[in-house]
Amino acid sequence: MKTPFFKLSGTVSILLFFLPLLLQAQVIGTVPSPVESIEQNSISNMEAFGDTLWIGPGLNRNIGNENGWLRPAGADSVTNGRGRVFSLSLAQDTVFAGLGYTFT
């Protein structure tokens, strides 16, 4: 006849064996992203209007919390140059962005 200690130790042994297989906190290595992401690790400002969120300094927007961030066409001084967005103001069909850059 088994004692309760042996039953408990058997259960603990099974849990300790399978627990690392069930729990993975992070993926190791590079993870290819199927979506466009923001280009910097920091966000200096954000403004929302309806279901659209605009962020700076890269002038990116996300519509309806979808996967991916979009950049407006024709904003080459921000997307390709050294310009950055320092302030945002939104209206129904208009985005006002205060742009600037620093001398280096």
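Quantities reported herein were computed from a predicted structural model and do not represent experimental measurements.
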- prompt: When you measure from the side chain of Asn62 to the backbone N and O of Asn67, does any donor-acceptor pair fall under 3.5 Å?
  reply: no
Could you pull out all donor-acceptor pairs under 3.5 Å where a side-chain atom in residues 45-58 meets a protein atom, sequence neighbours excluded?
unit_1: Asn45; atom_1: OD1; unit_2: Gly56; atom_2: N; d: 3.2
unit_1: Asn45; atom_1: ND2; unit_2: Val85; atom_2: O; d: 3.3
unit_1: Asn45; atom_1: ND2; unit_2: Phe86; atom_2: O; d: 3.0

Pairwise distance CZ(Phe96) to OG(Ser87) - rounded to 0.5 angstrom: 11.0 Å
message: Tell me the closest heavy-atom pair linking Arg71 and Arg61, and the distance in Å.
response: C-NH1, 4.3 Å
